[in-house]
Amino acid sequence: MIKAILIFNNHGKPRLIRFYQYFAEDMQQQIIRETFHLVSKRDDNVCNFLEGGSLIGGSDYKLIYRHYATLYFVFCVDSSESELGILDLIQVFVETLDKCFENVCELDLIFHMDKVHYILQEVVMGGMVLETNMNEIVAQVEVQNRMEKSEVSLFLDR
Amino acid sequence: MALKIVKGSIDRMFDKNLQDLVRGIRNHKEDEAKYISTCIDEIKQELKQDNIAVKANAVCKLTYLQMLGYDVSWAAFNIVEVMSSSKFTYKRIGYLAASQCFHESTDVIMLTTNQIRKDLSSPNQYDTGVALTGLSCFVTPDLARDLANDIMTLMSHTKPYIRKKAVLIMYKVFLKYPESLRPAFPRLKEKLEDPDPGVQSAAVNVICELARRNPKNYLSLAPLFFKLMTSSTNNWVLIKIIKLFGALTPLEPRLGKKLIEPLTNLIHRKIHIFSSHKMLCSQSHLIVSLSRIAVLISLSSGMPNHSASIQVMKYLGLLAMSKILKTHPKSVQSHKDLILQCLDDKDESIRLRALDLLYGMVSKKNLMEIVKKLMLHVDKAEGTTYRDELLTKIIDICSQSNYQYITNFEWYISILVELTRLEGTRHGHLIASQMLDVAIRVRAIRVFAVAQMATLLDNAHLLTGNMQRMGICEVLYAAAWICGEFSEHLENPMQTLEAMLRPKVATLPGHIQAVYVQNAAKLFATVLKNQEGNTDSTAAQETSQLMIDRLPLFVQSANLEVQERASCILQLVKYIQKLQQKDVEVAEEVCALFAGELNPVAPKAQKKVPVPEGLDLDAWINEPPSESESEDEQPKAIFAKEEPKHSRPRHTEVDEKELARRREARKQEQANNPFYIKASPSSQKAYQEAPGVEHIPVVQIDLSVPLKVPGLPMSDQYVKLEEERRQKERADKKKKEKKKRKEKRSGRGRKHDSGPESEEDITPAHMVDIVTEEMPEVHRSCLNITMNLKGNARTNMISAKKSSKHKKKKQKKEKEEKEKKKKKKHHHHHHHSDGGGEESVQNGTVEEEEPLPVSVYDIQGNLQDGSQVVVSVIFENKCDSFLKSMEFNVLDSLNSKLQRPEGSGPHDGLTVPFQLPPGVSNEARFVFTVQSIVMPQKLKGTLTFIVKDSSTHEKLDFKLHFTCTSYLITTPCYSDAFAKLLESGDLKCSSVRLEGVIMPFHHLLARICFHHHFSVVERIDSCASMYSRSIQGHHVCLLVKTSGQTVSIDAKCDEPTLLGNVLDEIKQTFSQC
């Protein structure tokens, strides 16, 4: 199971947080800070795994992360997930973002947090991996976006 | 209507949307909080509008603010409103917000059940999808129960998009509502063969998660998964299936063999998969994969450019190895060099993994080498966490399975001494316990250890030089103890004695000072003995003078333990000095104080003590106590005879918690006892976790030159020595080859090594005394400890008395209540009305005015057990200081005894399980066993406690008054049963007259009922019959008549003494009003 998905930038500012286990808001912020502290001090050419911080459950949980330009994508998972599998999943997720936003950058995530959430919802559901096929994910996201557009235009026509 | 919508849409154009909000926040970097609070006000306005579009926009913005850490739960209801919009766009916003901020205790969730059900059955698959996604995040047990059926139907939906979501969410439903698993499982199994790969993958996912919790139930699915593994091309599915097999193979060994082939194929196909492969740790194919992993690691280490992906492989390889190590240690051991290389890696994650591996890889041959390497790393390591990790690992590695791999303990001692050079470590405790353990158990090493420890003591200033290194000063505890206990091995005891009495010692933590003082006395004895051999008696007298000069420093210590030991020893030395001046030879007698050989005791030694004949350890000595807590829930029986007597209720009912607590307490005690051989590393951990070390602030200091303790041998030389020794041995061996005589081992009961054959050749230079089987000799030090404890208790009380005379004045209040729980309503009332009255009578002990803790108590009989009463005491702290370490003790009488936990003596106090901050009150219960209940009784007791601010011991005396009525229990009785009882004729009569009672008859009855636990059976005009029963089943019947101011009570009971006392007490009650 995935316990949490955190996206934050090089300064630790959250861009998307998705907890699959309840934490109060202030705790969520502390976890983000702690995770950022753990991840940011690591070089780019070291491995992508480390043990979870004390707030999120200690060494029973692993932090699996990737660093893309200005953003860190961090997945906190338990022992039932394969390290490489999740690493791959992060790649799939980022590539999907890239497709949906056409050359995604941090600004896209800043201004369209809701859309990023909708894409993530097609990849991970309730802490479990829903779909790993990028084409399928993109297709479903696009159908839903079209539906939204048609509803909005319907609304404006009226 | 149309107009309103148009108006709304125009409004909306002027509203801020999410992008505007984000932009706004970015433009207000200086006063972000202020800006956001105005935004929240705007959002609150928007939420008040009827237009759903405006609301949805507001909710969308709230979701963003939630990410920034703002609590948005106040808008939960609005979120539900948006969720129920008919438009997909808004619905999606609503569900997203809900999934981000709803949780089990959000109360509006219960409003959503119908809405979600509607959405689940919506014709639009995306409405359903959104609802499922949202639900997966905030499903509660109630929702799971109500919606389980709807979701199950969706598992066979025509659209694969819905099917896969429905399958996946079922896992969440199972978690919250486990009953749904059984009916849903057949369908879930069906989905494993779904034509859509997404659905298949979801089903595999769910079953893997389920199997992780309980693999046994899913063995039957193995063939199906086997098929899937060979046919599927989806990596994700493959990984999950292999993980699943990893959980299944330990249960079904045949599975492992079958898996070898497809797995090897897979490995060849996709190197990627191998990370999961590690899970299968049962079969020989591991060796195949292992070599591949090793190749990978070596490849990656050999490469000059450390790209991240290679690091990933390295990490996973090490992880895999640690899994394999558990089952195939030898195959991993061959890759030792590789793993040692990984210790040099710049990535901490990899270094930590490699460290984990090392633990399992050491042997007698390579221990020194590995530890030497680790020591190098300790010197180089940056950051205290990693260094501490290294330190614990070194000690773990060396001490594992009773120092199995250590051949030269001199080496180990010097390693430990070297470790004390570490700056800012938190593990001083750990090192100290190792030193003690080794010195006690390895006889041969004592001479060396003592010399080393003496040097440590001499150079104590290096360890305590600045406060940052306080963590490490724990080793001085071990050093002082070892030097004292084995002082006969000291080369220059006088010098060590002086070192131990330096004024600087007074800056050490209390428990260390205490050990210093005690062991200074032992040293003193040794010094005296040496000096008295000489003809010159002045030297001995000078030594005594030294003690007398230096000890007063410790007598002034704030620490009680130090103070007490120091004053005892000071008096002793003064006395010795007196004798010396009369030219009496005292050395022998002084030595006798500390005489006796110290032997290690095996943890299981007690088992070896034969149980004396005729002693049944399972039998109860006293009547078993009852569960006072459960009293409330248990319905009271009307008649005693209907109640089956529990002869030994507690015996089987000691609950788990209590057991765990006791066990914990015992462990703690053992861990802190240097004479107790720790059974396993776990107890050592408890030791290091003991309070005190963590609280010492550890600040790293920047020292470019490592601190070296002068005169200490470096452990490196032992590595060389060891090599030489081995070479020599080998040479010797060749000579004696024909005789094939193995070296005789001196240690007794030594455990045989499980290491490889060749290791047998390496003879240890020292033996650990591992006493596992033999009976221990009773040794002196254990006795010492108990004596110490008793001594403590005595002085504490004395000091308490002193201080209470000088400083605080205390007041004691006693109130007695005879009250049954059933009548809680009255309880309060009684408190006020009666308390005042009785106070004056029993307050003979009131001494002073300033209130300290006040205790109010209540005695209750226990219906389940005729010989027990429960006394609930309310402690109230009326002073301004924090009170702790309260101990409740009562002087037992022949008749009544305080029930103490098993193993404690008849005079031990009970620790009150809480501390009291000022002004707080709390209740504690104590169980008393009473043999005869016919007489009232008074018990004297004391409450000792520590006032935190002044850290002085205080004592409070009190008396507990057990009246006869406190043994009575209100028991209702029907008039016909009552009549029968009176007719039966085995009751004795007695009567009493009360004069001058001015109160209505029903008040009078109520008073008797209330204070004396009676119930009215029947009342006719000015005449009433009443009944009560004692805890031992005596019936007490009263006939109360009143005429004018005279009340006559005729009473019958099967126990005349009891009846007499009860009547006296009734009389007393009415004489007070």
Side-chain angles (χ1 to χ4, degrees), chain A residues 1 13-20 22-26 28-29 32 42-51 66-67 78-85 87-89 110-114 117-118 121-122 125-133 136 140 143-144 147-149 151-152 155-156 158, chain B residues 2 5 9 18-19 22-23 53 60 63-64 66-71 87-89 92-93 96 100 103-104 126 132-133 136-137 161 164-165 168-169 171-172 197-198 201-202 205-206 208-209 212 234-236 239 243 272 275-276 306-308 311-312 314-316 319 346-350 352:
Chain A
M1 285 266 281
K13 280 228 186 258
R15 294 306 176 208
L16 176 131
I17 55 171
R18 173 77 273 195
F19 284 90
Y20 294 103
Y22 174 69
F23 288 103
E25 273 78 10
D26 50 343
Q28 291 186 354
Q29 296 299 313
I32 295 170
R42 294 172 62 84
D43 279 350
D44 265 354
N45 55 0
V46 298
C47 78
N48 306 49
F49 319 113
L50 68 158
E51 273 159 20
R66 267 181 191 268
H67 189 193
D78 67 10
S79 61
S80 76
E81 301 294 343
S82 145
E83 291 84 358
L84 281 182
L87 215 51
D88 208 38
L89 189 73
I110 296 173
F111 285 104
H112 302 283
M113 183 206 70
D114 47 345
H117 264 297
Y118 299 141
Q121 281 178 356
E122 297 302 323
M125 183 174 127
M128 301 210 284
V129 179
L130 178 69
E131 184 60 70
T132 48
N133 181 342
E136 171 74 13
Q140 298 296 355
V143 175
Q144 292 179 51
M147 270 178 66
E148 188 176 304
K149 252 179 211 149
E151 274 182 0
V152 171
F155 173 78
L156 288 177
R158 238 201 280 184
Chain B
I5 290 172
S9 70
L18 175 62
Q19 280 76 38
V22 174
R23 208 165 287 130
C60 186
T63 315
Y64 183 81
Q66 195 270 345
M67 178 178 81
L68 298 184
Y70 290 86
D71 177 25
K87 286 222 165 53
F88 172 73
T89 317
R92 185 152 81 152
I93 293 173
L96 175 62
Q100 286 290 74
H103 52 94
E104 287 210 352
Y126 291 103
L132 283 173
T133 309
S136 72
C137 294
Y161 179 71
K164 73 179 176 195
K165 287 197 169 189
L168 217 51
I169 203 178
Y171 177 64
K172 291 274 177 166
S201 143
N205 229 335
V206 170
C208 282
E209 287 291 343
R212 225 163 64 87
N234 184 339
N235 276 349
W236 187 260
I239 290 175
K243 284 243 173 199
H272 185 127
S275 68
S276 304
H306 281 271
S307 75
Q311 291 293 93
V312 165
K314 219 173 181 178
Y315 178 87
L316 293 175
L319 201 61
K346 62 181 183 306
D347 186 349
E348 197 173 300
S349 292
I350 289 179
L352 286 174

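Naming: A, B, ... by sequence-line order, numbering from 1 per chain. Source: prediction; values computed, not measured.
For A:Ser80, the parts lying near chain B are the backbone and the side chain together; criterion is any non-hydrogen pair under 4.5 Å. Using a 4.5 Å cut-off between heavy atoms, A:Tyr22 contacts chain B through its side chain alone, with no backbone atom that close. Proximity to chain B involves both the backbone and the side chain of A:Arg18, based on heavy atoms less than 4.5 angstrom apart. Only the side chain of A:Asp78 comes within contact range of chain B, with heavy atoms under 4.5 Å apart. Residue contact with chain A, scored on non-hydrogen atoms closer than 4.5 Å, involves the backbone and the side chain of B:Tyr64 alike. Contact of B:Leu18 with chain A is made through the side chain alone, with heavy-atom distances under 4.5 Å.
Heavy-atom minimum distance, A:Gln144 versus B:Phe88: OE1-CZ, 3.4 Å. The shortest heavy-atom contact between B:Gly69 and A:Glu25 is O-CB, 3.7 Å. Smallest separation of non-hydrogen atoms from B:Leu168 and A:Met128: O-CE, 3.1 Å. Taking all atoms of both residues into account, the shortest heavy-atom contact from A:Ser82 to B:Ile239 is CB-CG2, 3.2 Å. Contact between B:Gly198 and A:Glu131 at its shortest, heavy atoms only, is CA-OE1, 4.2 Å.
We find the CD1-CD distance between B:Ile93 and A:Glu148 to be 6.5 Å, quoted to the nearest 0.5 Å. The distance from atom CG of A:Asp88 to atom CH2 of B:Trp236, rounded to the nearest 0.5 Å, is 8.5 Å. Between the OH atom of B:Tyr171 and the CE atom of A:Met125 there is a distance of 13.5 Å, given to the nearest 0.5 Å. Interatomic distance, CE of A:Met113 versus SG of B:Cys60, reported as 6.5 Å (0.5 Å rounding). Here the CD atom belonging to B:Gln100 is positioned 7.5 Å from the CD atom belonging to A:Gln28, to the nearest 0.5 angstrom. Summarising the geometry, atom OG1 belonging to B:Thr133 is positioned 5.0 Å from atom CD belonging to A:Gln121; distances are rounded to the nearest 0.5 Å.
Interface check for chain A: of the options B:Gln19, B:Met67, B:Lys165, the most heavy-atom pairs under 4.5 Å are formed by B:Met67. Counting heavy-atom pairs closer than 4.5 Å to chain A, the top-ranked of the candidates B:Glu104, B:Arg23, B:Gln66 is B:Gln66.
Annotation: ring-ring contact (aromatic ring centres under 6.0 Å, His included) contacts of A:Phe19 (sequence neighbours excluded): A:Phe23. For B:Tyr70, there are no ring-ring contact (aromatic ring centres under 6.0 Å, His included) partners, not counting sequence neighbours.
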- Query: What do the steps show when you test B:Tyr161 against A:Glu122 for side chain to side chain contact (heavy atoms under 4.5 Å, CB included), and what is the final call?
  - Reply: CA-CA 10 Å; B:Tyr161 179 71; A:Glu122 297 302 323; 2.7 Å; yes

- Message: Using side chain to side chain contact (heavy atoms under 4.5 Å, CB included), reason through A:Cys47 and B:Ile350 one step at a time and then give a plain yes or no.
- Response: CA-CA 8 Å; A:Cys47 78; B:Ile350 289 179; 4.3 Å; yes

- Query: Would B:Lys172 and A:Met1 satisfy side chain to side chain contact (heavy atoms under 4.5 Å, CB included), going step by step from the backbone distance to the final call?
  - Reply: CA-CA 11 Å; B:Lys172 291 274 177 166; A:Met1 285 266 281; 3.9 Å; yes

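Taking a cutoff of 4.0 Å between a charged side-chain nitrogen and a carboxylate oxygen, A:Glu136 and B:Lys164 qualify as a salt bridge.
Residues A:Val129 and B:Asn205 are in side-chain contact: their nearest non-hydrogen atoms beyond the backbone lie under 4.5 Å apart.
With hydrogens and angles ignored, the 3.5 Å screen pairs a side-chain donor or acceptor of B:Ser349 with a backbone N or O of A:Phe49.
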